[in-house]
Student: 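Before anything else, here's the structure in question.
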Protein chains: 2
Amino acid sequence: MTATQELTKNQSLVFNALARADGPLSAYTILDQLRNDGFRAPLQVYRALDKLLDYGMIHRLESINAFVACAHPHTHSHGHGMIAFAICEKCGQVSEFSDDVITGRVREWTNGNGFKQSKTTIEIRGVCANCSTA
Amino acid sequence: MTATQELTKNQSLVFNALARADGPLSAYTILDQLRNDGFRAPLQVYRALDKLLDYGMIHRLESINAFVACAHPHTHSHGHGMIAFAICEKCGQVSEFSDDVITGRVREWTNGNGFKQSKTTIEIRGVCANCSTA
DNA sequence: TTGACAAATGTAATAACATCACATATCGAA
DNA sequence: TTCGATATGTGATGTTATTACATTTGTCAA
């Protein structure tokens with residue numbers, strides 16, 4: 001499962017809501033945007049989000065309880081390498097990047113400590129270039 | 001403000017609850033533990049937590065909405081260097097470490113992109129050595 | 001000492017985020 | 001076609017965090 005067309009109706013609706021947004025959305029914001037499409041309950045959103053996370057098409061930003069469409073689907077669709085997010089607290093814009101050195105250092109620590117990692121969160125909060133010059 | 005003795009009553013109660021716990025606690029768990037000490041409302045806990053975070057005496061684990069007493073107060077009480085957490089999903093134990101290389105790479109990215117970072121979260125979820133051998 | 005400001009506290013209500021439980025529907029393969 | 005897996009609909013509930021407002025306590029200078 002990688003192509004957009006293979007998503008179910010609810011998954012497509014949720015994914016498209018995130019894809020057309022210019023920043024992260026909360027589950028409840030998505031719900032509100034999809035009321036006209038027949039969405040009535042949070043669970044409809046959360047279920048779709050879970051699947052989209054599975055498929056690697058979106059990310060969850062733990063530090064702000066929100067979700068974004070993946071910015072570089074092709075780049076890391078094949079799994080390895082952790083992704084870091086820089087989240088602007090002024091405008092809400094999120095930049096996504098991955099860094100092999102960081103990935104390597106984390107892996108060194110986990111290997112050295114017998115820790116089996118399943119998911120790693122790296123989130124940088126601050127103010128983006130645009131917002132700090134303005 | 002660095003010494004435990006200078007904390008207010010509520011701050012001490014909350015800090016001690018975290019210090020004697022063997023893992024992270026949620027705000028509401030802390031509240032329940034402190035009912036006998038006169039705590040009645042979430043805000044009493046959250047206000048103390050905010051201060052303790054300010055003072056660098058505790059950390060917030062964003063990915064599990066919980067708080068832990070800082071494991072190495074002396075080490076990073078002087079501010080620089082970001083801290084990473086490895087959180088075991090079986091036993092709840094949290095290991096805290098900091099890595100200058102990771103700190104440096106993050107700073108390179110933020111400097112290169114004009115991003116003024118204020119707080120950085122690094123949380124590794126997985127299973128610790130103890131739990132994976134058991 | 002007092003009065004005035006800042007910091008801390010108490011309390012109720014509400015907002016924001018997430019899941020449970022249960023019923024129903026849809027689809028693909030045996 | 002019938003069975004199982006997946007997806008969906010819906011209400012209720014659970015969990016996490018904040019708002020708003022009143023009161024108390026501590027500090028410090030006049």
Side-chain angles (χ1 to χ4, degrees), chain A residues 1 3-18 21 23-55 57-68 87 89 92 119 121 123 125, chain B residues 1 3-18 21 23-55 57-68 87 89 92 119 121 123 125:
Chain A
M1 161 65 71
T4 302
Q5 308 80 306
E6 300 176 24
L7 297 176
T8 67
K9 178 164 160 282
N10 285 1
Q11 288 161 16
S12 298
L13 288 166
V14 168
F15 180 73
N16 289 335
L18 284 172
L25 299 178
S26 78
Y28 279 74
T29 301
I30 296 170
L31 174 57
D32 287 339
Q33 291 189 5
L34 297 180
R35 297 262 180 213
N36 294 335
D37 297 291
F39 274 49
R40 317 290 309 276
L43 200 48
Q44 294 175 293
V45 178
Y46 282 109
R47 284 201 276 229
L49 289 171
D50 281 347
K51 286 297 181 185
L52 295 169
L53 286 168
D54 271 357
Y55 303 156
M57 299 177 63
I58 65 171
H59 302 291
R60 176 191 180 90
L61 302 176
E62 311 274 5
S63 66
I64 56 172
N65 296 320
F67 303 84
V68 279
I87 304 167
E89 289 172 326
K119 199 216 169 196
T121 296
E123 296 178 17
R125 311 286 302 274
Chain B
M1 163 65 69
T4 302
Q5 309 83 303
E6 301 178 23
L7 296 176
T8 67
K9 179 165 160 282
N10 285 2
Q11 288 160 17
S12 297
L13 287 166
V14 169
F15 180 73
N16 289 334
L18 285 171
L25 300 178
S26 78
Y28 279 75
T29 301
I30 296 170
L31 175 57
D32 286 339
Q33 292 191 5
L34 297 180
R35 297 262 181 212
N36 294 335
D37 297 291
F39 273 51
R40 318 289 309 275
L43 198 48
Q44 295 174 292
V45 177
Y46 282 110
R47 284 201 277 230
L49 289 170
D50 282 346
K51 287 297 180 183
L52 295 169
L53 287 168
D54 271 359
Y55 303 156
M57 300 177 64
I58 66 170
H59 302 291
R60 176 193 179 88
L61 302 176
E62 311 275 4
S63 66
I64 57 173
N65 296 320
F67 303 84
V68 279
I87 304 167
E89 289 171 327
K119 199 215 169 197
T121 296
E123 294 179 18
R125 310 287 301 275

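Below, chain A is the first sequence line, B the second, and so on; all start at residue 1.
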Student: Quick one: on DNA chain C, does N10(B) or Y28(B) contact a more 5' nucleotide (nearest heavy atom)?
Tutor: N10(B)

Student: Just so I know, are the side chains of K51(A) and T8(A) near enough to count as touching, which here means a heavy-atom distance under 4.5 Å?
Tutor: no

Student: Specify the closest pair of heavy atoms between Q11(B) and L52(B), including all atoms of both residues, with the distance to one decimal.
Tutor: O-CD1, 3.8 Å

Student: Among residues 60-67 of chain A, which ones have heavy-atom contacts with DNA chain D below 4.0 Å?
Tutor: none

Student: Run through I64(B), N65(B), L18(B) and flag the one making a side chain to side chain contact (heavy atoms under 4.5 Å, CB included) with P24(B).
Tutor: I64(B)

Student: Go through the structure and list residues passing side chain to side chain contact (heavy atoms under 4.5 Å, CB included) with D37(B), not counting sequence neighbours.
Tutor: L13(B), L34(B)

Student: Taking all atoms of both residues into account, what is the closest heavy-atom pair of R60(A) and L53(A), and its distance?
Tutor: N-CD2, 3.6 Å

Student: Quick one: do I30(A) and F39(A) satisfy side-chain contact (heavy atoms from CB on, under 4.5 Å)? Show the steps, please.
Tutor: CA-CA 10 Å; I30(A) 296 170; F39(A) 274 49; 5.8 Å; no

Student: Counting heavy atoms not belonging to N36(B), are there more than 12 under 6.0 Å from its CG?
Tutor: no

Student: Closest approach of A27(A) and L49(A), non-hydrogen atoms and distance?
Tutor: CB-CD1, 4.0 Å

Student: Name all residues meeting the side-chain hydrogen bond (donor to acceptor under 3.5 Å, both in side chains) criterion together with K119(A); count only those two or more places apart in sequence or in a different chain, and write none if there are none.
Tutor: E62(A)

Student: Using chain B heavy atoms and a threshold of under 4.0 Å, write down where along DNA chain C the contacts begin and end, 5' to 3'.
Tutor: dA8(C) to dT11(C)

Student: With a 4.0 angstrom cut-off to heavy atoms of chain B, pull out the first and last contacting nucleotide of DNA chain D, in 5'-to-3' order.
Tutor: dT16(D) to dA20(D)

Student: Shortest non-hydrogen contact from G23(A) to V68(A)?
Tutor: C-CG1, 4.0 Å

Student: Is there a donor-acceptor pair closer than 3.5 Å between any side-chain N or O of R40(A) and the backbone N or O of R35(A)?
Tutor: no

Student: Minimum heavy-atom separation for L7(B) to S12(B), with atom names?
Tutor: CB-OG, 3.4 Å

Student: Looking at residues 34-51 of chain B, who's got a heavy atom less than 4.0 Å off DNA chain D?
Tutor: L43(B), Y46(B)

